[in-house]
Number of protein chains: 2
Amino acid sequence: MIEPLLERLNKFHPLNAALTERISSATNMVTYHAGDYILKEGQVCNKACLVIKGLARSYYIKEDKDITSRFMDEGFIITSWISYYTQQPGNEFIEALEETTLACINYADIQKMYTDFPEFNIVGRKQAEYGFFMAEQRTQILRKHTAEEKYKFFLSNHPTLLQRVALKHIATYLGMNEETLSRVRSKFHRKKD
Amino acid sequence: MIEPLLERLNKFHPLNAALTERISSATNMVTYHAGDYILKEGQVCNKACLVIKGLARSYYIKEDKDITSRFMDEGFIITSWISYYTQQPGNEFIEALEETTLACINYADIQKMYTDFPEFNIVGRKQAEYGFFMAEQRTQILRKHTAEEKYKFFLSNHPTLLQRVALKHIATYLGMNEETLSRVRSKFHRKKD
DNA sequence: TAGGCTCATTGACAAATGTCAAGAGTCGGC
DNA sequence: GCCGACTCTTGACATTTGTCAATGAGCCTA
């Protein structure tokens, strides 16, 4: 069950036997049920996990409203980035939306791997670069695009998620409210006929 | 003049003599005048530069309008992230807003340093993590905040930039138009009296 | 199967933001 | 000093989006 993690990391940089062994022994497999919390607000995010199967979302509360910040499905790395980076309690919740199996490594173990295996920093660097790249894309979408453009962006970038995620979560992810998304959808789908 | 770069990188991870020597010889100092392009749309961003002195902004064109994506002043690393990461032509321009002096290293040289000095990946990883962290913050601000909240965020996070940057650029950076920012400002400053 | 959920949609209206146009202030070059 | 270009502000109005409330569909559970 840990193979997908090793494969993923190997793509960033080939891992030698010793490092592979270390990763294997440091990895914990955990399964969450739909609705379970993977992380709660106020906790320090002390792990990074690859989604083996399932789907999760991270969100935070702003004025009593729950705002989705990311969806993480198979192949994604789950972590509450700001909290992980600063090792301070963060404002994010992470919630499993489906039965979700994760391959997790503790923050402390990751740090130790960085010092014991310098080449593991290549993996960490590429992962961070990839995350940065994705976050940068999200900011481009959020700036100055209409609700309809944001919806189209979501459709083309996450075609499968539409079926798996409640629309209200997609709405807050795109920076609009539920009703606006609903109207955009009905207008958009009418157009296509 | 290259010391600020070495200092900055040393903070991420102590550099030994050989690596310091390599970085020094790979670094080019370049100075741009206000209004000069550091990067143009359609070019591959093949370098990363520390801002020694001055100020630049990156932007892209959307429907004939110029949208600011970031401001980069002293201590910031300038790169067009999406293009740098993919090594494909990007859609970003980078423009010097003041007389700006940069310490630049080529993409190819950086990659060679990653393989020749594995510990340099620690530096690259931390830099990417930091960039990710900042980008993540930006997405939180852009989602679901009112124009006034965005302006307040800018004030508290970039207090000095307000004096150095045209308001129209701040407006597009925050995902609103010039007039809206102007109204927010007059309302906001009236309140304080 | 009935009742009680949540989710998605729709309508009416309110509020925020965008668009277009005009005008005042600032700055640098000539 | 004057002109022209640019920046910022303001007003009137249009459009978009948000808010509140009601409704129906789907689903779980007793």
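We name chains A, B, ... by the order of the sequence lines, and we start the count at 1 in each one. Note that the coordinates shown come from a computational prediction; the quantities given were computed from them, not determined experimentally.
Between Leu174(A) atom CG and dT16(D) atom P there is a gap of 18 Å when expressed in whole angstrom units. Rounded to a whole Å, the NZ atom of Lys168(A) is 15 Å from the C1' atom of dG26(D). Taking atom OH on Tyr151(A) and atom P on dT16(D), their separation rounds to 18 Å, with Å as the unit. Per the geometry, CD belonging to Glu178(A) stands 12 Å off P belonging to dG18(D), to the nearest Å.
Residues satisfying the ring pair (Phe, Tyr, Trp, His ring centres under 6.0 Å) test with Phe76(B), not counting sequence neighbours, are none. By the ring pair (Phe, Tyr, Trp, His ring centres under 6.0 Å) test, Phe12(A) pairs with no residue at all, sequence neighbours left out. With sequence neighbours excluded, the residues satisfying ring pair (Phe, Tyr, Trp, His ring centres under 6.0 Å) with Tyr84(A) are Trp81(A), Tyr107(A). Not a single ring pair (Phe, Tyr, Trp, His ring centres under 6.0 Å) links Phe117(B) to another residue, sequence neighbours left out. Scanning for side-chain contact (heavy atoms from CB on, under 4.5 Å) contacts around Glu149(B) gives Lys62(A), Glu63(A), His145(B), Thr146(B), with sequence neighbours left out.
Of the residues in residues 154-167 of chain A, those placing a heavy atom less than 4.0 Å from an atom of DNA chain C are Ala166(A), Leu167(A), in numerical order.
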Can you give each donor-acceptor pair under 3.5 Å made by side-chain atoms of residues 153-170 of chain A, sequence neighbours left out, with the distance rounded to 0.1 Å?
{"residue": "Ser156(A)", "atom": "OG", "partner": "Lys152(A)", "partner atom": "O", "Å": "3.3"}
{"residue": "Ser156(A)", "atom": "OG", "partner": "Phe153(A)", "partner atom": "O", "Å": "3.2"}
{"residue": "Asn157(A)", "atom": "ND2", "partner": "Phe153(A)", "partner atom": "O", "Å": "2.9"}
{"residue": "Arg164(A)", "atom": "NE", "partner": "Glu98(A)", "partner atom": "OE2", "Å": "2.9"}
{"residue": "Arg164(A)", "atom": "NH1", "partner": "Glu74(A)", "partner atom": "OE1", "Å": "3.4"}
{"residue": "Arg164(A)", "atom": "NH2", "partner": "Gly54(A)", "partner atom": "O", "Å": "3.3"}
{"residue": "Arg164(A)", "atom": "NH2", "partner": "Glu74(A)", "partner atom": "OE2", "Å": "3.4"}
{"residue": "Arg164(A)", "atom": "NH2", "partner": "Glu98(A)", "partner atom": "OE1", "Å": "2.9"}
{"residue": "His169(A)", "atom": "NE2", "partner": "Arg57(A)", "partner atom": "NH2", "Å": "3.4"}

If you look only at distance, which donor and acceptor atoms sit under 3.5 Å apart when one is on a side chain in residues 118-125 of chain B and the other is two or more places apart or in another chain?
{"residue": "Glu119(B)", "atom": "OE2", "partner": "Asn16(B)", "partner atom": "ND2", "Å": "3.3"}
{"residue": "Asn121(B)", "atom": "OD1", "partner": "Arg125(A)", "partner atom": "NE", "Å": "2.8"}
{"residue": "Asn121(B)", "atom": "OD1", "partner": "Arg125(A)", "partner atom": "NH2", "Å": "3.2"}
{"residue": "Asn121(B)", "atom": "ND2", "partner": "Tyr114(B)", "partner atom": "O", "Å": "3.1"}
{"residue": "Asn121(B)", "atom": "ND2", "partner": "Pro118(B)", "partner atom": "O", "Å": "3.1"}
{"residue": "Arg125(B)", "atom": "NE", "partner": "Asn121(A)", "partner atom": "OD1", "Å": "2.7"}
{"residue": "Arg125(B)", "atom": "NH1", "partner": "Glu129(B)", "partner atom": "OE1", "Å": "3.4"}
{"residue": "Arg125(B)", "atom": "NH1", "partner": "Glu129(B)", "partner atom": "OE2", "Å": "3.2"}
{"residue": "Arg125(B)", "atom": "NH2", "partner": "Asn121(A)", "partner atom": "OD1", "Å": "3.2"}

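Alongside Tyr37(B), the hydrophobic cluster contains Tyr59(B), Ile61(B), Phe93(B) (criterion: ILVMFWY side chains under 4.5 Å). Annotation for Leu142(A): hydrophobic cluster partners, listed by chain and number, are Leu142(B) (ILVMFWY side-chain heavy atoms under 4.5 Å, direct or chained).
Rounded to 10 degrees, the angle between the two end axes of the helix from dT1(C)-dA30(D) to dC30(C)-dG1(D) is 40°, with five pairs used at each end.
Closest approach of Thr180(B) and Ala147(B) over heavy atoms only: CG2-CB, 3.9 Å.
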* Along nucleotides 17-28 of chain C, 5' to 3', which nucleotides get a B, which get an S, and which get a -, given that the test is a protein heavy-atom distance under 4.0 Å? -> SSBB--------

